[in-house]
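Step one of this worksheet: look at the structure below.
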There are 2 protein chains.
Amino acid sequence: MNKASQRLAPVPDPFNGMLGYHLRRSSVIAMTDLAESLAPLKLKPVEYSILSTIAFHPGSTQSEVGKALGILRANMAPIIATLTKKGLIDREPVDGRSQALRLSAAGHAVCRRALNITREHEERVFGALSPAARTRMIAQLRALWQPRS
Amino acid sequence: MNKASQRLAPVPDPFNGMLGYHLRRSSVIAMTDLAESLAPLKLKPVEYSILSTIAFHPGSTQSEVGKALGILRANMAPIIATLTKKGLIDREPVDGRSQALRLSAAGHAVCRRALNITREHEERVFGALSPAARTRMIAQLRALWQPRS
DNA sequence: TATTGTTATACTCTATAACTATA
DNA sequence: TATAGTTATAGAGTATAACAATA
């Protein structure tokens with residue numbers, strides 16, 4: 001799935017009944033729109049996901065944030081470095097190894113704007129679905145990787 | 001989303017109500033399972049998608065197949081070369097520029113096995129959803145990029 | 001010994017540009 | 001002039017391995 005497919009292509013016949021294909025395609029469309037929506041903030045989706053996770057869990061280490069988001073330590077390092085360089089997050093040592101992450105004032109401001117942009121994005125991309133349909137779909141999708149709950 | 005996130009992480013709090021996040025995560029889980037499921041056939045998901053598209057539209061050119069699947073011409077070339085080298089597809093010139101693609105006998109056999117594997121994969125990954133729920137979800141997702149219909 | 005953060009690095013996917021040969 | 005196929009290549013994203021410092 002890529003840029004080209006978003007312009008024209010209908011669902012190819014062999015995949016008409018395949019949920020996996022539709023999930024992938026929808027996901028790519030949504031991710032592309034989100035990336036474009038956040039671009040004015042000079043923020044990538046993965047950076048926003050990190051910022052908002054820190055906002056909800058101030059004092060987390062980058063290992064913990066990475067684990068929550070499924071980002072490997074090795075890949076977290078340069079992203080955190082970038083966000084720190086941008087002045088969006090502050091790092092405070094908790095012990096000799098790890099550092100507590102917190103949003104700076106600028107980080108909070110960017111995170112708030114990004115949240116509004118993301119809400120607009122969800123409305124734009126998923127507006128064809130009623131709120132009830134979206135809520136139900138979220139619950140059903142979550143059941144795929146959390147069979148209990 | 002990546003390998004790490006599939007092992008543990010619950011949905012991070014900031015994304016609880018976000019359909020985009022759930023679509024992406026579900027899509028990655030499904031794609032990973034599909035790739036593992038097809039691995040014994042030495043077939044990647046994108047290769048299977050090409051084989052089955054050719055099966056449904058024998059005689060298509062690789063440009064047409066690429067357009068249907070959202071794969072750029074430049075990226076189709078090496079994939080088609082690989083499938084040809086594996087003896088799964090035959091190429092027959094239609095004019096001096098383009099060539100009609102068809103599955104070889106071996107290609108049909110592989111495609112049939114891949115279809116069975118994919119059906120098992122969908123059952124395994126989406127088994128928590130009733131057939132009706134899956135059908136409804138497919139229809140709803142399709143509406144996201146085909147507002148009419 | 002195990003963990004945190006880091007660096008280096010490799011592989012895959014996706015993208016653009018440029019070329020050829022044909023139409 | 002436009003199209004089909006190809007090649008080269010660049011940029012993300014994601015993966016493993018190895019290291020230093022610390023627990």
Side-chain angles (χ1 to χ4, degrees), chain A residues 1-9 24-25 27-29 31-32 34-36 38-39 42-50 54 59-85 89 91-101, chain B residues 1-9 24-25 27-29 31-32 34-36 38-39 42-50 54 59-85 89 91-101:
Chain A
M1 194 66 51
N2 59 23
K3 205 177 247 181
S5 69
Q6 292 181 50
R7 299 194 201 107
L8 345 147
R24 170 133 172 81
R25 184 151 182 173
S27 160
V28 170
I29 290 173
M31 278 297 296
T32 303
L34 180 61
E36 290 169 357
L38 292 175
K42 308 284 185 196
L43 205 64
K44 297 177 185 178
V46 68
E47 293 172 328
Y48 168 53
S49 72
I50 290 171
I54 296 172
S60 300
T61 67
Q62 77 185 53
S63 282
E64 292 168 340
V65 173
K67 224 170 272 180
L69 294 172
I71 304 170
L72 297 172
R73 288 190 317 287
N75 299 327
M76 281 295 286
I79 304 176
I80 294 294
T82 297
L83 293 174
T84 304
K85 209 174 303 173
I89 63 183
R91 317 174 69 180
E92 191 186 352
V94 280
D95 61 25
R97 292 185 298 190
S98 51
Q99 293 172 311
L101 302 176
Chain B
M1 193 67 51
N2 59 23
K3 205 177 245 182
S5 69
Q6 292 181 50
R7 300 195 200 103
L8 346 146
R24 171 132 171 82
R25 183 150 181 172
S27 160
V28 170
I29 290 173
M31 277 297 295
T32 303
L34 180 61
E36 290 170 357
L38 292 175
K42 308 284 185 194
L43 205 63
K44 296 178 185 176
V46 67
E47 294 173 329
Y48 169 52
S49 72
I50 289 171
I54 296 172
S60 300
T61 67
Q62 78 184 53
S63 284
E64 291 168 340
V65 173
K67 223 170 275 180
L69 294 172
I71 304 169
L72 296 172
R73 288 190 316 289
N75 298 327
M76 282 294 287
I79 304 176
I80 293 294
T82 297
L83 293 174
T84 304
K85 209 174 304 176
I89 63 182
R91 316 174 70 182
E92 191 186 353
V94 280
D95 61 24
R97 294 185 295 188
S98 50
Q99 295 172 311
L101 302 176

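A, B, ... follow the sequence lines: proteins, then strands. Residue 1 opens every chain.
The CD1-C1' distance, from A:Ile71 to C:dG5, rounds to 15 Å in whole Å. The distance from atom CD1 of B:Ile50 to atom C1' of C:dC13 is 13 Å, rounded to the nearest whole Å. The distance from atom CD1 of B:Ile79 to atom P of C:dA15 is 12 Å, rounded to the nearest whole Å. The separation between B:Gln99 atom CD and C:dA21 atom P is 15 Å, rounded to whole Å. Distance CE (A:Met31) to P (D:dA12): 14 Å, rounded to an integer number of Å. Following rounding to the nearest Å, A:Leu72 (CG) and C:dT3 (C1') show an atom-to-atom distance of 15 Å. Residue A:Met76 contributes atom CE, which lies 14 Å from atom P of D:dA15 at whole-angstrom precision. Summarising the geometry, the separation between NZ on B:Lys85 and P on D:dT6 is reported as 11 Å, rounded to the nearest angstrom.
Residues forming a side chain to side chain donor-acceptor pair (under 3.5 Å) with B:Thr61 (at least two apart in sequence, or on another chain): none. Judged as a side chain to side chain donor-acceptor pair (under 3.5 Å), and not counting sequence neighbours, B:Arg97 has no contacts. For A:Gln99, the side chain to side chain donor-acceptor pair (under 3.5 Å) partners are A:Arg91, not counting sequence neighbours.
Contact check, A:Ser63 against C:dG5: a side-chain N or O comes under 4.0 Å of OP1 or OP2. Between A:Lys44 and D:dA12 there is no side-chain polar atom (N or O) within less than 4.0 angstrom of OP1 or OP2.
Using a 4.5 Å heavy-atom cutoff, the side chains of B:Met31 and B:Pro45 are in contact. Residues A:Met76 and A:Leu72 fail the side-chain proximity criterion, which asks for heavy atoms closer than 4.5 Å. Side-chain contact between B:Lys44 and B:Leu38 is absent, with no heavy-atom pair separated by less than 4.5 Å.
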Quick one: which protein N/O atoms are closer than 3.5 Å to N/O atoms of nucleotides 8-10 of chain D? Pair and distance per line, please.
none

When you check every protein heavy atom under 4.0 Å of nucleotides 18-23 of chain D, what one-letter string (B, S, -) results, 5' to 3'?
---BBS

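In the helix from C:dT1-D:dA23 to C:dA23-D:dT1, the end axes, each obtained as the rotation axis mapping the C1' atoms of four pairs onto the next four within a five-pair block, lie 0° apart to the nearest 10 degrees.
Between B:Asn75 and B:Ile71, the shortest heavy-atom contact is CB-CG2, 4.1 Å. The two residues A:Ser63 and A:Arg73 have their closest heavy-atom pair at OG-CD, 3.7 Å.
Rounded to the nearest 0.5 angstrom, A:Leu69 CG and A:Ile79 CD1 are separated by 9.5 Å. Annotation: the span from B:Ile80 atom CD1 to B:Ile89 atom CD1 amounts to 4.0 Å, rounded to 0.5 Å.
For A:Val46 and B:Arg91, each mapped to the nucleotide of DNA chain D holding its nearest heavy atom, the one lying further toward the 5' end belongs to B:Arg91.
A distance-only check finds a donor-acceptor pair linking the side chain of A:Asp95 to the backbone of A:Ser98 [under 3.5 Å].
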